[in-house]
Amino acid sequence: MKIKYVALFNLKTAPAQLIFNLDWEFWKGNYHATELWNNKVITLNSNELKSEIVPPHGVMIYKLQ
């Protein structure tokens with residue numbers, strides 16, 4: 001399985017939880033996501049990557065493997 005990276009940008013003026021669906025890119029398989037700034041590891045459920053609350057105009061970057 002290849003390593004993939006996902007950046008989630010909050011373009012809103014309020015904090016928000018952001019979601020990336022792996023099916024949007026036709027990615028299959030089981031992934032663990034590591035948030036690259038705090039090294040928190042999460043296991044993806046149902047092909048969705050759900051971020052923690054992202055501040056306005058903030059970004060979260062994940063490494064999927």
Side-chain angles (χ1 to χ4, degrees):
M1 181 178 309
K2 293 184 178 182
I3 295 175
K4 302 178 183 300
Y5 293 89
V6 174
L8 301 175
F9 296 87
N10 182 2
L11 303 178
K12 299 177 182 180
T13 57
Q17 181 183 39
L18 306 175
I19 297 173
F20 176 79
N21 190 319
L22 276 64
D23 291 334
W24 294 340
E25 294 295 327
F26 305 103
W27 296 349
K28 302 294 181 199
N30 297 320
Y31 287 93
H32 294 284
T34 304
E35 206 288 316
L36 294 181
W37 286 324
N38 64 17
N39 287 322
K40 183 176 179 182
V41 177
I42 58 173
T43 301
L44 303 184
N45 295 323
S46 67
N47 281 350
E48 277 189 342
L49 171 60
K50 292 183 180 180
S51 74
E52 295 180 1
I53 300 300
V54 181
H57 307 290
V59 64
M60 291 263 188
I61 300 175
Y62 293 90
K63 176 181 179 180
L64 279 60
Q65 40 187 19

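Here the structure is a predicted model, which is why all the values come from computation and not from measurement. What's counted below: heavy atoms across the whole structure, side chains too, no hydrogens, waters or symmetry copies.
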Residues forming a ring-ring contact (aromatic ring centres under 6.0 Å, His included) with Trp24, sequence neighbours excluded: Phe20
Taken in chain and number order and not counting sequence neighbours, the residues that satisfy side chain to side chain contact (heavy atoms under 4.5 Å, CB included) with Asn38 are Glu35, Lys40, Glu52
Do Leu44 and Leu64 come within less than 4.5 Å of each other through their side chains, counting heavy atoms only? yes
Under the salt bridge (charged side-chain N to carboxylate O under 4.0 Å, His left out) rule, what pairs show up with a residue in residues 53-65, not counting sequence neighbours? none
By side chain to side chain contact (heavy atoms under 4.5 Å, CB included), Ile61 pairs with (sequence neighbours left out) Ala7, Leu36, Trp37, Val59
Minimal heavy-atom distance between Ser51 and Tyr62, with the atoms involved, is CA-OH, 3.3 Å
Got a second to check how far Thr34's OG1 is from Asn39's CG, nearest 0.5 Å? 7.0 Å
Side chains of Trp27 and Val6: does their closest heavy-atom pair fall under 4.5 Å? yes
What do the steps show when you test Leu49 against Ile19 for side-chain contact (heavy atoms from CB on, under 4.5 Å), and what is the final call? CA-CA 6 Å; Leu49 171 60; Ile19 297 173; over 6 Å; no
Which pairs count as salt bridge (charged side-chain N to carboxylate O under 4.0 Å, His left out) when at least one residue sits in residues 17-26, sequence neighbours excluded? Asp23-Lys28
Roughly how far apart are Asn30 CG and Thr43 OG1, rounded to 0.5 Å? 9.0 Å
Once rounded to the nearest 0.5 Å, what's the spacing between atom CG of Leu8 and atom CD of Gln17? 10.0 Å
Return each pair, listed once, that meets side chain to side chain donor-acceptor pair (under 3.5 Å) where at least one residue sits in residues 6-16; pairs must be two or more places apart or across chains. none
In chain order, what residues pass the side chain to side chain contact (heavy atoms under 4.5 Å, CB included) check against Leu11, with sequence neighbours excluded? Phe9
Go through the structure and list residues passing side chain to side chain contact (heavy atoms under 4.5 Å, CB included) with Pro15, not counting sequence neighbours. Ile53, Pro56
